[in-house]
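Throughout, a chain's letter reflects where its sequence line sits, starting with A, and its residues are numbered from 1. Predicted model only: the values in this text are computed from it and were never measured.
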Amino acid sequence: MTPVEVTELGSHVGSEVLIQGWLYNKRSSGKVRFVLVRDGTGLVQGVVTPDADPTAFELADSLPQESTLRLTGTVRTEPRAPGGYEISVTRIEPLHVPKAPFPIGLKEHGTGFLMDHRHLWIRMRRQTPVLRIRDGVLWAIRSFFRERGFVATESPVLVGTSVEGTTTLFPLDYFGTPAYLSQSGQLYLEATCAALGKVYWIGPVFRAEKSKTRRHLIEFWMAEGEQAFLDHVGNLALQEDLVRYVVEAVAAEHSRDLAELERDPAVLLREVGGPFPRITYHEAVALVQKAGVSMAVGDDFGAPAEDALSQHFGRPVFVERFPAVIKPFYMKRDPERPDLALCADLIAPEGYGEIIGGSQRVDTEEELLRQLREAGLPIEPYDWYLDLRRWGAVPHAGFGLGVERTVQWLAGIAHIREAIPFPRTLDRLYP
RNA sequence: UCCUCGGUAGCUCAGUUGGCAGAGCAGCCGGCUGUUAACCGGCGGGCCGGAGGUUCGAGUCCUCCCCGAGGAGCCA
């Protein structure tokens with residue numbers, strides 16, 4: 001018999017099917033036994049009675065959690081069953097029977113224990129929908145860029161230069177030459193964008209920050225776009241279109257996953273329904289101060305400040321034109337206000353924090369040399385990057401979107417560690 | 001790096017002014033013909049994070065160390 005996936009059961013009502021999966025839970029009530037089977041696509045309940053196969057009846061009692069099995073039976077519509085369908089089981093074929101109890105029970109566990117068992121934890125009910133939503137976010141980003149004519153051009157992960165400041169680099173030995181894990185693919189995207197016009201990449205980046213918060217990972221995925229002949233204003237429009245596209249795609253294609261997480265898609269669609277407000281850095285500081293959060297002009301926004309902004313607007317908000325001194329060397333200055341950078345951060349609603357950082361880039365050699373020096377960076381490793389301003393210099397702009405923070409927002413989960421299969425957090429490299 | 005709270009059964013936790021080590025879940029045995037993290041009865045299960053100290057006596061008080069969680073700073 002051809003195996004059927006749990007999500008396809010609706011089109012097999014009344015016929016006999018074969019389900020391949022793992023025993024998630026079992027219950028019994030006298031002479032009726034219930035087996036809850038997961039197959040990766042969903043959960044289905046099988047009902048086993050003694051008038052079915054007596055072997056199946058015995059197995060429904062004795063098999064431990066996370067046994068691998070094949071289940072044969074007839075599909076029925078059943079409102080009492082989770083998922084709406086139920087299988088009247090005729091046969092259970094165990095493929096693997098664990099010798100020890102599964103470490104992750106259905107009751108409460110502490111975070112440390114769950115993180116030690118992350119490789120098993122991802123099988124559990126609240127984890128699989130998040131990972132499917134992550135897949136939806138990544139596919140939506142790719143199809144957005146593809147529809148707009150962007151070319152995927154990968155940036156290297158092993159690099160010789162810093163993008164985001166030297167204190168958060170992971171150093172390594174590249175056959176005797178100092179090297180680092182990439183903090184961002186941006187500099188290389190600026191090169192490929194001069195070759196192909198519109199480019200993007202999605203990949204892992206690394207920040208050796210001693211951060212220990214619900215919105216930080218040491219290794220996280222960035223989706224970065226870079227476009228030639230694009231200015232600051234066009235950059236914001238591109239970012240806004242991308243975020244709206246991703247939210248609408250996930251709301252449409254992952255309603256079942258969102259429902260399992262008790263996340264209302266209508267809330268997300270409302271948040272991206274209208275234009276995203278755009279305020280300047282200085283307006284944002286004033287708003288934050290008015291909300292009672294202490295911060296000075298010249299500070300970057302901390303978590304409480306971002307939360308105040310996100311609470312005030314209730315939708316994604318762009319904060320633009322930061323003081324150049326607190327931003328990286330590659331950002332172009334505002335011609336009207338040379339002390340400000342032509343940049344913007346996009347703050348997600350509901351306190352999920354900054355999900356995008358972007359800017360128009362410096363496009364002349366003189367300006368770039370000056371800003372490298374001001375940042376105290378050596379010139380030589382950036383010589384290739386300066387070449388981009390020596391031949392075919394072009395106004396260009398781009399941004400980086402944090403994939404896990406976006407997943408965190410859409411899935412409505414409290415901590416970023418659940419937004420990636422195997423999170424790399426401070427002091428945690430196992431599993 | 002700093003601040004706060006924790007570490008007791010496989011897991012989640014309780015443990016009174018210092019005086020015999022406890023519960024729920026999981027496991028095992030039994031019961032129940034519609035369970036929804038099922039329920040009911042029974043059984044087994046402990047280097048109380050580690051090292052020192054105070055005391056007749058320490059899970060409990062003190063010192064140091066190790067580990068975990070939450071938050072800050074910084075960032076996406």
Side-chain angles (χ1 to χ4, degrees), chain A residues 24-36 43 45-52 57 60-62 64-66 76 78-83 86 88 98-117 121 124-126 163-165 167-168 183-186 204-224 239 294-295 299-307 322 326-328 345-348 352-358 399-409 414-417 419-420 425-428:
Chain A
Y24 191 79
N25 192 19
K26 63 191 184 198
R27 293 179 281 267
S28 77
S29 179
K31 294 291 175 283
V32 186
R33 284 166 188 177
F34 303 91
V35 287
L36 204 54
L43 274 171
Q45 175 168 281
V47 191
V48 197
T49 49
D51 52 307
F57 189 70
D61 191 46
S62 64
Q65 191 187 356
E66 287 302 306
R76 257 200 347 266
E78 173 54 75
R80 286 174 294 185
E86 189 173 77
S88 301
K99 292 183 176 69
F102 190 60
I104 318 256
L106 300 177
K107 297 236 176 189
E108 288 175 286
H109 292 288
T111 306
F113 179 82
L114 288 171
M115 287 291 282
D116 286 340
H117 296 83
W121 184 24
M124 306 308 286
R125 224 170 193 169
R126 281 185 62 82
V163 185
E164 298 290 337
T167 55
T168 64
Q183 300 168 303
S184 160
Q186 182 201 312
V205 295
F206 308 85
R207 306 272 168 94
E209 292 166 8
K210 300 274 185 185
S211 299
K212 199 172 152 53
T213 81
R214 70 177 68 139
R215 52 178 75 151
H216 280 87
L217 291 169
I218 302 301
E219 173 180 343
F220 66 98
W221 280 56
M222 281 239 277
E224 306 189 83
Q239 294 168 37
S294 88
M295 94 172 268
D299 290 352
D300 210 337
F301 299 99
E306 283 179 355
D307 291 351
F322 282 63
I326 60 171
K327 287 293 179 183
D345 287 354
L346 183 66
I347 314 290
Y352 289 99
E354 182 188 344
I355 53 170
I356 292 183
F399 62 89
L401 172 136
V403 171
E404 288 76 17
R405 287 205 187 156
T406 305
V407 172
Q408 197 188 347
W409 166 37
H415 201 292
I416 198 168
R417 63 182 156 231
I420 185 168
T425 55
L426 198 58
D427 297 326
R428 200 177 266 286

Asks: Check every strand shown and say whether His109(A) touches a base, only sugar-phosphate, or nothing at a heavy-atom separation below 4.0 Å.
Replies: sugar-phosphate
Asks: Applying a 4.0 Å non-hydrogen cut-off, can you work out what Gln45(A) is touching in the nucleic acid: base, sugar-phosphate, or nothing?
Replies: base
Asks: Would you indicate what Phe220(A) reaches in the nucleic acid, counting non-hydrogen atoms under 4.0 angstrom: base, sugar-phosphate, or nothing?
Replies: base
Asks: Counting the atoms with a prime plus P, OP1 and OP2 as sugar-phosphate, which does Gly105(A) contact under 4.0 Å by heavy atoms, base, sugar-phosphate, or nothing?
Replies: nothing
Asks: Asp307(A) or Leu346(A): which one's nearest nucleotide on RNA chain B is closer to the 5' end?
Replies: Asp307(A)
Asks: How does RNA chain B look in dot-bracket notation if pairs are Watson-Crick or G-U with both distances under 3.5 Å, crossing ones as [ ], other-strand ones as |?
Replies: (((((((..((((.....[..)))).(((((.......))))).....(((((..]....))))))))))))....
Asks: Does the side chain of Arg428(A) get closer than 4.0 angstrom to OP1 or OP2 of rC67(B) through an N or O atom?
Replies: no
Asks: Leu426(A) has an atom CG; how far is it from atom P of rG70(B), in whole Å?
Replies: 12 Å
Asks: Give one of base, sugar-phosphate or nothing for Glu306(A), where a contact means two heavy atoms less than 4.0 Å apart.
Replies: base
Asks: Side chains of Gln45(A) and Arg27(A) only: does a donor on one sit below 3.5 Å from an acceptor on the other?
Replies: yes
Asks: Expressed as a whole number of angstroms, how long is the span from His117(A):NE2 to rA26(B):C1'?
Replies: 13 Å
Asks: At under 4.0 Å between heavy atoms, what does Asp345(A) touch on the DNA or RNA strands: base, sugar-phosphate, or nothing?
Replies: nothing
Asks: Would you call the rings of His117(A) and Phe113(A) parallel, tilted or perpendicular if under 30° counts as parallel and over 60° as perpendicular?
Replies: tilted
Asks: For Ser29(A), give me all partners under side-chain hydrogen bond (donor to acceptor under 3.5 Å, both in side chains), at least two apart in sequence or on another chain.
Replies: none
Asks: Please measure how far the P atom in rC56(B) lies from the corresponding atom in rA72(B), and state the result in whole Å.
Replies: 48 Å
Asks: List the residues meeting side-chain hydrogen bond (donor to acceptor under 3.5 Å, both in side chains) with Glu78(A), not counting sequence neighbours, and say none if there are none.
Replies: Arg80(A)
Asks: What is the separation between atom CZ on Arg33(A) and atom P on rG34(B), rounded to the nearest whole Å?
Replies: 14 Å
Asks: For the pair made of CD in Glu66(A) and C1' in rC11(B), what is the distance, rounded to whole Å?
Replies: 16 Å
Asks: Taking salt bridge (charged side-chain N to carboxylate O under 4.0 Å, His left out) as the definition, give me every residue that meets it alongside Lys26(A), ordered by chain and number, with sequence neighbours left out.
Replies: none
Asks: For the pair made of CZ in Arg207(A) and C1' in rA76(B), what is the distance, rounded to whole Å?
Replies: 6 Å
Asks: Just to be sure I understand the rule, does Thr406(A) reach a base, reach only the sugar-phosphate, or reach nothing, if contact means heavy atoms closer than 4.0 Å?
Replies: nothing
Asks: Using the side-chain hydrogen bond (donor to acceptor under 3.5 Å, both in side chains) criterion, which residues pair with Ser28(A)? Sequence neighbours excluded.
Replies: none
Asks: When the C1' atoms of rC39(B) and rG57(B) are compared, how many Å lie between them, rounded to an integer?
Replies: 44 Å
Asks: Could you work out, with side-chain hydrogen bond (donor to acceptor under 3.5 Å, both in side chains) as the rule, every residue matching Arg33(A), not counting sequence neighbours?
Replies: none
Asks: Determine the contact category for Ala100(A): base if any of its heavy atoms lies under 4.0 Å from a base atom, sugar-phosphate if only primed atoms, P, OP1 or OP2 are that close, otherwise nothing.
Replies: nothing
Asks: To the nearest Å, how far apart are Lys26(A) NZ and rC25(B) P?
Replies: 16 Å
